[in-house]
Number of protein chains: 2
Amino acid sequence: MSSRGFKHDLFAQFARVGKALSNGNRLELLEYIAQAERSVDELAKVSGLTMANTSQHLQQLRLAGLVSCRKEGLKVFYTLSGYDVIGLLDALRGVAERHVADVERLINAYLTVKDNLEPVPAAELLHRAREGLVTVLDVRPVEEYAAGHLPGAINIPLPELEARLDRLDLHKEVVAYCRGPHCILAFDAVERLRKLGRDARRLEGGFPEWQHAGLPVEDAGESH
Amino acid sequence: MSSRGFKHDLFAQFARVGKALSNGNRLELLEYIAQAERSVDELAKVSGLTMANTSQHLQQLRLAGLVSCRKEGLKVFYTLSGYDVIGLLDALRGVAERHVADVERLINAYLTVKDNLEPVPAAELLHRAREGLVTVLDVRPVEEYAAGHLPGAINIPLPELEARLDRLDLHKEVVAYCRGPHCILAFDAVERLRKLGRDARRLEGGFPEWQHAGLPVEDAGESH
DNA sequence: ATTCTAATCAATTGATCTATTGATAAGTAT
DNA sequence: ATACTTATCAATAGATCAATTGATTAGAAT
């Protein structure tokens, strides 16, 4: 095998992974899968894609080595192949944010009050939560919470926020988190809590980033 | 703007970066650019692509925010937009290596003596080089060496290795490095040095990774 | 002015990608 | 057996991508 040929083939293999990341729908699916193991129909529902389309995208992700799957009865559950995939997604997001001007414009256009929403770094939250100074709020759907969440976090899915406000201590600051740095659930939660007069901020990053950083995690078995 | 629309648009932007990484030729160009600032015709020559084709790929990389360019006289020089791009490329490589079975097979097929070529970690090299125990050998072309290299590294481009062997101390171990973890220059160098009875290993990673790790670097002005 | 070089642009062809549609397979439930 | 659910497969049309070709622009040199 020639040296040039080797190189060429090797870059072609790396490009397969790049190709898997080259479609917005696949990136969205990856973000959902990064929360918890998911079946195809869950992913289809939450992404708004058809079943067949979702299935095909998932197979492309699988061939690129980004996700693995497991069959159980009728359902097929997909999960990330490893934590390094979260690292890759973060690197992609980071580069896009720092270098693609459109991303910043988009974020600013949607998050008009962005500057009021300075995020809390993970290390700071961990410290303050241990001292009981803050309420940690998980605004993702119950299934995602059940699959794993921050220690001591209270789960109130975003649609029920106002209805179940009594679960949040009136006198503590609330730190909300959700799926990731650009998931808007936590942004919305903070905005709504502030309208209700609460002291609220959001966590920098989401659950996958927290987990990837090696910080402590609780799952359904030990939840409150 | 609806929340779903925002999310959709945002993922589409991230996918633009993924798309830039979805082609082997572009990844190869990025690796060359990661070594040093490069003009379009240099890149065309070294990659074997036509001028027009190279130019078009470079523009795609530019639109994705991965490279920037600067015009000087007739020439246009391209450079990485930031060090985070090296981090992204490493994450891509890492995931591909760990999860795409074909990559491993490819590497094993080419590097038949791979197990004899255990790389030296950067930290170890830095330590041993400071104590004068090893000769650090840069086997990249002179232009790349001039744009930046490891402190005290001796530059012998691979084709001239045997001819200029006298520049390497016979009694010290040689540690060779090149463009990156899969650049075959360093592999070849080690293999050839060993055939000549020298004690040689290669550095883990290449110059971009060394630089990205924040380790000390020399450039042409202070070279030996 | 003319010529040359470096780079980009514009148009084209063939290949690949995306989403849809309808069919099929595998497992459950009645 | 029959019906239902979940997921995949197969075929298709339209969109996008990649590489080539030839023309064009911008700057340098004679």
Side-chain angles (χ1 to χ4, degrees), chain A residues 4 8-9 11-30 32-33 36-64 66-79 102 143, chain B residues 4-5 8-9 11-30 32-33 36-64 66-79 143:
Chain A
R4 164 139 283 170
H8 191 268
D9 292 350
F11 281 119
Q13 291 302 322
F14 295 154
R16 280 174 52 184
V17 178
K19 212 166 278 178
L21 303 175
S22 72
N23 177 284
N25 287 329
R26 279 196 291 273
L27 292 178
E28 190 175 354
L29 290 174
L30 279 174
Y32 291 129
I33 296 171
E37 199 183 47
R38 302 284 210 150
S39 67
V40 181
D41 75 327
E42 277 179 304
L43 288 167
K45 247 171 237 146
V46 82
S47 67
L49 303 175
T50 65
M51 194 73 164
N53 198 7
T54 305
S55 174
Q56 279 162 194
H57 280 305
L58 289 171
Q59 274 165 79
Q60 286 189 55
L61 291 174
R62 197 164 54 80
L63 286 174
L66 298 177
V67 303
S68 332
C69 64
R70 168 179 79 80
K71 186 159 187 175
E72 190 183 310
L74 275 177
K75 299 198 171 185
V76 176
F77 291 96
Y78 281 83
T79 166
D102 290 343
E143 317 87 62
Chain B
R4 163 138 282 170
H8 192 268
D9 293 350
F11 280 119
Q13 291 302 322
F14 295 154
R16 280 175 51 184
V17 179
K19 212 166 278 180
L21 304 174
S22 73
N23 177 283
N25 287 329
R26 278 196 293 272
L27 292 178
E28 190 174 354
L29 290 173
L30 279 174
Y32 290 129
I33 297 171
E37 199 184 47
R38 301 285 210 150
S39 66
V40 181
D41 74 327
E42 277 180 304
L43 289 167
K45 245 171 241 145
V46 82
S47 68
L49 303 176
T50 64
M51 194 73 166
N53 198 6
T54 306
S55 174
Q56 279 161 193
H57 279 306
L58 290 170
Q59 275 166 78
Q60 287 188 54
L61 291 174
R62 197 164 53 80
L63 286 174
L66 297 177
V67 303
S68 332
C69 64
R70 169 179 79 79
K71 186 159 188 175
E72 191 182 308
L74 275 178
K75 299 199 171 185
V76 176
F77 291 96
Y78 281 82
T79 165
E143 317 86 64

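Within every chain, numbering begins at 1; the chains are lettered A, B, ... in the order of the sequence lines, protein sequences first and strands thereafter.
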What does A:Glu72 touch in the nucleic acid at a heavy-atom separation under 4.0 angstrom: a base, only the sugar-phosphate, or nothing? nothing
If you look at every heavy atom in A:Ala15 and B:Leu27, which pair is closest and at what distance? N-CD1, 3.5 Å
Heavy atoms only, 4.0 Å cut-off, all strands: where does B:Tyr78 land among base, sugar-phosphate and nothing? sugar-phosphate
Selected nucleotide, minimal atom distance to B:Thr50 side chain, candidates C:dA7, C:dT20, D:dT20: D:dT20
Any side-chain N or O of A:Lys19 less than 4.0 Å from the OP1 or OP2 oxygen of C:dC17? yes
Can you tell me the distance, in whole Å, between the CG atom of B:Leu63 and the C1' atom of C:dT8? 13 Å
Which one, C:dA26, C:dA6, D:dT20, comes nearest to the side chain of A:Leu74? C:dA26
Over all strands shown, is A:Glu42 touching base, sugar-phosphate only, or nothing at heavy-atom distances under 4.0 angstrom? nothing
Can you tell me if the side-chain N/O atoms of A:Arg26 get under 4.0 Å from OP1 or OP2 in C:dC17? no
Answer with base, sugar-phosphate or nothing: what part of the nucleic acid does B:Ser39 contact at a heavy-atom distance below 4.0 Å? sugar-phosphate
Give the rounded distance in Å between these two atoms: CZ of A:Phe11 and C1' of D:dA18. 18 Å
A:Leu58 has an atom CG; how far is it from atom P of C:dA19, in whole Å? 13 Å
Measuring to OP1 and OP2 of D:dA18, would you say a side-chain N or O of B:Gln60 lies under 4.0 angstrom away? yes
CD of A:Glu28 versus P of C:dA19: gap in Å, rounded? 11 Å
Answer with base, sugar-phosphate or nothing: what part of the nucleic acid does A:Gln59 contact at a heavy-atom distance below 4.0 Å? sugar-phosphate
Could you state the atom-to-atom distance from CG of B:Asp41 to C1' of C:dA7 in whole Å? 9 Å
Rounded interatomic separation in angstrom, taking CG from B:Leu29 and P from C:dA7: 13 Å
Which pair of heavy atoms, one from B:Asn25 and one from B:Asn23, lies closest together, and at what distance? N-OD1, 2.8 Å
Have A:Gln59 and A:Arg62 got a donor and an acceptor in their side chains that come within less than 3.5 Å? no
Taking only N and O in the side chain of B:His57, is any of them less than 4.0 Å away from OP1 or OP2 of D:dA19? yes
Shortest non-hydrogen contact between B:Lys19 and A:Ser22, atoms and distance: CE-O, 3.3 Å
A:Val46/A:Glu28 under side chain to side chain contact (heavy atoms under 4.5 Å, CB included): CA gap, chis, key distance, verdict: CA-CA 10 Å; A:Val46 82; A:Glu28 190 175 354; over 6 Å; no
Looking only at the side chain of B:Ala52 (C-beta and beyond, no hydrogens), which of the listed nucleotides D:dA7, D:dT8, D:dT20 gets closest? D:dT20
Establish, with yes or no, whether the OP1 or OP2 oxygen of C:dT18 is under 4.0 angstrom from a side-chain nitrogen or oxygen of A:Asn23. yes
DNA chain C: A:Gly73 or B:Arg62, which has the more 5' nearest nucleotide? B:Arg62
Quick one: is B:Asn25 getting a side-chain N or O under 4.0 Å of the D:dA18 phosphate, OP1 or OP2? no
Whole-Å distance, B:Lys71 NZ to C:dA6 P, equals 13 Å
Whole-Å gap separating C1' (C:dC17) and CZ (A:Arg16): 16 Å
Which nucleotide wins on minimum distance to the side chain of B:Val40, given the candidates D:dA7, C:dA7, D:dC9? C:dA7
If you take all heavy atoms of A:Arg16 and A:Leu63, which pair is closest and at what distance? NH2-O, 2.9 Å
So, OP1 or OP2 of C:dA10: does either fall under 4.0 Å of a side-chain N or O from B:Gln56? no
